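For clarity, every value in this text was computed on a predicted model and none was experimentally measured.
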Amino acid sequence: MTLPLASETRSADLAPGRVFDWLDEAAGLRAEAGLTRALRSRGAGDEVLDLAGNDYLGLTRHPVVTQAAAEAALRWGGGSTGSRLVTGTTALHTELEEELAAFCGAEAALVFSSGYTANLAALTALTDPDTLIVSDAYNHASLIDGCRLSRADVHRAPHSDPGAVAEALARRTRRRALVVTDSVFSVDGDAAPLRGLSEAVRAHGAALLVDDAHGLGVLGPGGRGALAAAGLAGQPDTVATMTLSKSLGSQGGVVLGPRRVIRHLTETARTFIFDTGLAPAAAGAALAALRLLRAEPHRADRAREVARTLAARLTAAGLHACEPEAAVVSVRAPGPEAAVAWAADCLRAGLAVGCFRPPSVPDGISRLRLTARGDLTDAQISEAVRIVAELAPVGARG
């Protein structure tokens with residue numbers, strides 16, 4: 001996508017009504033490439049079967065969770081009123097942090113307004129120009145943006161390759177090093193080799209940062225996350241970030257790790273210091289969902305079971321479905337236009353699915369993505385498979 005340089009723009013084009021003409025050109029280029037995106041408003045009573053969101057445990061509308069959100073708003077107000085260092089920390093935020101840390105086996109936790117801001121905080125506050133960041137090639141956009149903002153030397157490592165990570169660490173010239181990875185990658189749902197990465201960082205005096213957004217509530221004993229599953233929870237050289245908007249059915253993010261790391265973030269992370277605190281309703285909902293998960297650990301097992309069932313049945317229908325390691329199931333599409341049309345056809349048939357296209361997919365292959373919710377019935381699973389398979393475009397099989 002190439003647009004005219006400022007020096008090539010005629011003076012007449014600088015009239016007030018024309019300064020944003022280049023946006024129309026950019027929109028046209030995106031349309032030609034099949035990359036147009038649009039918002040779809042949905043009603044509260046939408047009857048569509050939702051396999052597009054990230055409500056892995058089906059807790060977003062659970063009455064215990066919604067009641068907790070309502071009670072928190074009534075007690076603490078509609079918002080936090082300011083940054084958490086000024087007025088935005090309530091007793092509810094503190095309670096949520098303590099219970100998250102205890103559940104995940106970390107010394108301490110710090111809650112943010114989103115998982116995105118949590119990742120930006122960890123990457124910018126735990127690095128400096130004398131740091132090498134080794135980042136997996138398939139990492140989420142929030143991790144990529146954090147790397148760009150960090151001022152560190154960033155090396156893009158091949159996907160899920162501890163050997164390549166170790167080589168990059170061995171060649172480093174910077175004093176410090178941080179290895180960064182998703183625990184479960186959001187495109188195909190494959191899990192990172194956390195034990196191998198941990199061995200690499202320990203062999204070279206580095207630290208490990210794991211975005212466990214798709215692992216919390218799905219992996220590990222009772223849904224305690226990918227680090228717990230790998231036996232790495234609470235390690236002194238390991239930091240985790242998570243979101244409260246997936247398995248916990250709410251909104252917000254959290255960083256978990258050694259107490260001194262959390263203290264450092266509290267005092268230096270810009271997306272914590274200058275951002276309004278998480279709304280009390282979201283904190284209350286997340287805390288209620290966490291307690292439900294702790295009391296009903298089978299919810300994590302069910303989410304993984306649904307994912308395996310979806311993948312097996314889609315594969316049996318002749319589609320290219322990934323083998324899920326958590327709760328993400330992706331199905332390859334012939335191209336971006338076909339993926340968009342496929343997803344739209346599914347929606348018209350009563351099924352919402354995700355649609356991933358370049359540049360969101362690092363390998364350039366378009367996909368549908370289905371969320372394996374733990375509250376899905378066998379009948380709903382069968383219906384979802386039927387719709388996706390019957391509406392598959394030419395080229396999706398074989």
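- The number of heavy-atom neighbours closer than 6.0 Å to CZ of Arg175, taken from other residues, nucleotides and ligands shown, is 12 or below.
- Applying the ring-ring contact (aromatic ring centres under 6.0 Å, His included) test to residues at least two apart or on different chains, the pairs with a partner in residues 132-181 are Tyr138-His159, His159-Phe185.
- No option in Asp136, Ile133, Asp237, Val201 other than Val201 meets the side chain to side chain contact (heavy atoms under 4.5 Å, CB included) test with Val179.
- Salt-bridge formation is not detected for the pair Arg156/Asp161: no Lys NZ or Arg NE/NH1/NH2 atom is positioned less than 4.0 Å from an Asp or Glu carboxylate oxygen.
- Between Arg151 and Thr131, the side chains place no donor N or O within less than 3.5 Å of an acceptor N or O (distance only, hydrogens not considered).
- Between Arg176 and Asp128, some side-chain heavy-atom pair lies under the 4.5 Å cut-off.
- Ion pairing of Asp188 with Arg367 is present here, as a side-chain N (NZ or NE/NH1/NH2) and a carboxylate O approach within less than 4.0 Å.
- In terms of hydrophobic clustering, with Ile, Leu, Val, Met, Phe, Trp and Tyr side chains grouped at heavy-atom distances under 4.5 Å, Trp342 and Val329 are assigned to a common cluster.
- Proximity of Ser247 to Leu59: side-chain heavy atoms (C-beta onward) are nowhere separated by under 4.5 Å.
- Within 6.0 Å of CZ on Arg40 lie more than 12 heavy atoms contributed by other residues, nucleotides or ligands.
- Here Asp375 pairs with Arg373 under the salt bridge (Lys or Arg N to Asp or Glu O under 4.0 Å) rule; sequence neighbours left out.
- Cluster annotation: Leu100 and Leu265 are assigned to distinct hydrophobic clusters (Ile/Leu/Val/Met/Phe/Trp/Tyr, side-chain heavy-atom contacts under 4.5 Å, transitive).
- The local environment of CZ in Arg386 is crowded, with over 12 non-hydrogen atoms from other residues, nucleotides or ligands closer than 6.0 Å.
- Classification of Glu305 and Arg308 as a salt-bridged pair fails, no side-chain N sitting under 4.0 Å from a carboxylate O.
- Counting non-hydrogen atoms of neighbouring residues, nucleotides and ligands closer than 6.0 angstrom, the CD atom of Gln251 reaches no more than 12 such neighbours.
- Summarising the geometry of Pro334 relative to Ala396, their closest heavy-atom pair is CG-N, 3.7 Å, with the distance given to 0.1 Å.
- For Arg304, the salt bridge (Lys or Arg N to Asp or Glu O under 4.0 Å) criterion is met by Asp301, not counting sequence neighbours.
- Tested against Asp275 for a side chain to side chain donor-acceptor pair (under 3.5 Å), the candidates Ser113, Ser114, Ser80 yield a single pass: Ser113.
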